[in-house]
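The sequence lines fix the lettering, A, B, ..., with proteins before strands; numbering per chain opens at 1.
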Amino acid sequence: MDQAPYVSSPSDKSADAPVRQAGKKPIVTPMMAQFFEIKAVNPGYLLFYRMGDFYELFFEDAEIASGALGIVLTTRGKHLGKEIPMCGVPVHAAQDYLKKLIRLGHRVAICEQLEDPAEAKKRGSKSVVKRDVVRLVTPGTLTEDDLLPAGTNNFLGALSMISHGEFDFALAWADISTGETFVVDLGENRLADELARLNLAELILAPATEQKLGESKILPEGLVRHVAMAAPETFDSEEATASLKSAFPQIEVTGFTRAARSALGALIAYVAETQKTASISLRAPEVQTATGLMQIDLATRTSLEILATNRGEAKGSLRHTIDRTVTTAGARLLARRLSAPLIVPDHINKRLDMVETFVADTIARETLREHLRQTPDLTRPLTRLALERGGPRDLVHVGFAINSARQLAEKLAGMDDLPAGLVELAQVLDAAPGELAVRIKSAIEPSPSVLVRDGGFVREGFDAELDEQRGLATKSRTVISELQAALASQTDIRALKIKHNRVLGFFVEVPATHGKKLLDEPFLNKFIHRQTMANAMRFTTAELGELEGRIVRAQGRALEIEQVIFDRLLGQVL
DNA sequence: ACAGCTTCGGGGACCT
DNA sequence: AGGTCCCCTAAGCTGT
């Protein structure tokens, strides 16, 4: 079994070390005290500690991450007389690094600044900004598209064990990027087969279960990619039942066995712990009865090469060979069905009737395939939106998906001799909330930014004040180009240009040969020197500063309005 | 294409 | 206590 790398942190020893030595200056700086405190409650995670524009890693975390990511290992300050190893990544580029670390099997705790630095200053000049972990990123709890595999589910599982002479097991699993949740009761003999079928990204175990599995060698090496050790209480049937009840108030918990409740409870607790404040959105668990699906033992599964070849490659597997799906959701469904074939004749016939319809009707098949090809994945955008990690593009995809579902329903309904399965499907699809799609379409640009904070995603004409603010920003830009002409003629420098970059904002640039002129009367007071380059000099003026301020304010207000519009639509989606 | 500087936002050391 | 100066990743400029 491949254990996730465990990071033993220096915090274990130092967390409660005295901050001051009697009469001497502090030996642990306030920031390090905060770091150790946060580190101590998240053992086993690399701590991404937010400092301004960077996520910083310290001590062993820094050594591990710098090696794994190929970034520079440096130092920052001292702790107990020794230099503190540090490495860091800029926040805007953190996603790529996070992806690499997760791929390598590391687990990462994201620690953010929870207040404005000005607030901290108010508490005293030596206080540090309040920080805490907002999310734990593990292989089984990903929601970001570029961290997730496209064509397969990313399953997180929890295995419970109940001993009464013999051992009863239950396995609960969920894809938190889609919300699908399942549970099954298992005997010891079927454990390996079931885990092989599901190919979990991460499995949660209580220490006793891990020990038992290790001793009895029930599971072959490498079957479980990453193990997360959970506190035994989360599997405890009372606590588990409580978390189950609060996660799914609508379902009857007594319908599950004790082992199933235990596994589900631990799964829910783990999701809640890793997602912190973000609301979890798992769907009601579906009980997988062993009777409806074919049991395939591990050896058979491996030699059938259903999802992967014996060597573990996708290429050459059954799935890879026959997969003609056109959507990622379709690819995931195909993988699931191939892994667990039906065995009940009625179910098989119902599915075959649906297949037959499309085998016979080439035109309908091609029309629907073409239609599906243009349908975005709905489940993952929805989950991101629910976890407050979604953006305008997710909203648009939800709208597209709704329209697409309704059109699909229409196309199905227009076909003759529809089998029962497809009639049911058409009904489900037709129930999609079309009005919501209309609202999204009327408010949001067809291909908007991914992030809300980038702005510019609300359509022109949707909100009068937004249009007005955008107009102000545009108008100020026109004024700036007029200003350039005016300044060029006033100074008699034809090469005078007004430019913009992220550092200086708007500035006046003149060739070096003319620069000196602006440093003297009569321009001395008007042009404020900012930068001298090899071939040019850069200045700002009060007027330019004011225009820039106007643009910045208008853009800021516009963004606020867009945020409100986004939040309102988000409320209607969820 | 590439070297070298600057940026971001914090914390800390060392002053008064 | 408060002010000033210095420091530090990766990345993105600027200048050659």
Side-chain angles (χ1 to χ4, degrees), chain A residues 11 14 17 19-21 24-39 46-101 106 108-134 451 453-454 497 499-513 515 529-540 548 552:
Chain A
S11 62
S14 326
V19 172
R20 273 167 196 284
Q21 238 172 19
K24 288 198 178 174
K25 59 182 180 174
I27 54 167
V28 177
T29 65
M31 189 195 83
M32 273 303 142
Q34 185 191 53
F35 172 83
F36 288 137
E37 201 176 298
I38 294 170
K39 183 75 191 156
L46 298 175
L47 186 61
F48 269 38
Y49 184 85
R50 177 81 179 254
M51 276 185 77
D53 221 22
F54 280 79
Y55 286 116
E56 320 269 28
L57 295 100
F58 298 108
F59 298 104
E60 285 186 23
D61 289 2
E63 282 156 20
I64 293 167
S66 64
L69 299 173
I71 57 177
V72 175
L73 180 65
T74 176
T75 64
R76 183 197 169 105
K78 286 185 177 178
H79 177 65
L80 305 177
K82 278 164 75 180
E83 297 209 306
I84 301 167
M86 181 193 90
C87 68
V89 297
V91 169
H92 66 267
Q95 187 88 329
D96 277 344
Y97 293 106
L98 197 55
K99 179 158 125 186
K100 262 193 195 166
L101 289 173
H106 295 282
V108 177
I110 310 285
C111 174
E112 293 292 348
Q113 295 176 185
L114 299 181
E115 64 180 347
D116 196 281
E119 290 293 309
K121 276 268 156 50
K122 278 190 212 159
R123 289 197 306 270
S125 64
K126 293 286 183 280
S127 46
V128 292
V129 174
K130 220 182 271 170
R131 293 184 171 83
D132 208 351
V133 171
V134 298
L451 300 173
R453 68 160 185 270
D454 290 340
K497 292 273 183 301
K499 296 188 176 180
H500 184 271
N501 69 18
R502 262 186 31 196
V503 180
L504 294 178
F506 286 98
F507 56 86
V508 175
E509 185 176 289
V510 297
T513 44
H529 178 257
R530 297 296 303 273
Q531 200 172 31
T532 301
M533 326 264 279
N535 298 319
M537 259 194 203
R538 293 173 172 178
F539 300 85
T540 48
E548 177 163 14
V552 169

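The ring pair (Phe, Tyr, Trp, His ring centres under 6.0 Å) with A:Phe48 is formed by just one residue from the set A:Phe35, A:Tyr55, A:Phe58; it is A:Tyr55.
In this structure, of B:dG12, B:dG11, B:dC8, it is B:dG11 that holds the atom nearest to the side chain of A:Val129.
We find that CD of A:Gln34 is positioned 15 Å from C1' of B:dG12, with the value rounded to whole Å. Straight-line distance from the CE atom of A:Met32 to the P atom of B:dA13: 11 Å, rounded to whole Å. The distance between atom CZ of A:Arg50 and atom C1' of B:dC8, rounded to the nearest whole Å, is 10 Å. If you take NE2 of A:His92 and P of B:dG9, they are 13 Å apart, rounded to a whole angstrom. Distance, A:Gln95 CD to C:dA10 P: 18 Å, rounded to whole Å. Spacing between atom OH of A:Tyr49 and atom P of B:dG9 amounts to 17 Å, rounded to whole angstrom units. B:dC8 atom C1' lies 12 Å from atom CD of A:Gln113, rounded to whole Å. Here B:dG10 presents its C1' atom at 14 Å from CD1 of A:Ile84, a figure rounded to the nearest Å.
Residues satisfying the side-chain hydrogen bond (donor to acceptor under 3.5 Å, both in side chains) criterion with A:Gln113, sequence neighbours excluded, are A:Arg131. Evaluation of the ring-ring contact (aromatic ring centres under 6.0 Å, His included) rule for A:Phe54 yields no partner, not counting sequence neighbours. For the salt bridge (charged side-chain N to carboxylate O under 4.0 Å, His left out) test, residues two or more places apart in sequence or in another chain that qualify with A:Arg50 are A:Glu112. For A:Glu83, the salt bridge (charged side-chain N to carboxylate O under 4.0 Å, His left out) criterion is met by no residue, not counting sequence neighbours. A:Glu115 is linked by a salt bridge (charged side-chain N to carboxylate O under 4.0 Å, His left out) to A:Arg123, counting only residues two or more places apart in sequence or in another chain.
Residues A:Val128 and A:Pro30 approach most closely at CG1-CB, 4.0 Å, considering heavy atoms.
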Tabulate protein N/O versus nucleotide N/O from nucleotides 1-3 of chain C, keeping only pairs under 3.5 Å, one per line.
none

Identify all pairs in which a protein N or O lies below 3.5 Å from an N or O of nucleotides 5-9 of chain C, and state each distance.
unit_1, atom_1, unit_2, atom_2, d
C:dC8, O3', A:Thr74, OG1, 3.4
C:dT9, OP1, A:Thr74, OG1, 2.7
C:dT9, O2, A:Glu56, OE1, 2.5
C:dT9, O2, A:Gly88, N, 3.4
C:dT9, N3, A:Glu56, OE1, 3.1
C:dT9, N3, A:Glu56, OE2, 3.2

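At least one side-chain nitrogen or oxygen of A:Thr29 sits closer than 4.0 Å to the OP1 or OP2 atom of B:dG12.
Pairs engaging residues 87-98 of chain A under the side chain to side chain donor-acceptor pair (under 3.5 Å) rule: A:Gln95-A:Asp146 [sequence neighbours left out].
Taking the centre of each ring, A:His79 and A:Phe59 come in below the 6.0 Å mark.
For the P atoms, the distance from B:dG11 to C:dA11 is 23 Å, rounded to whole Å.
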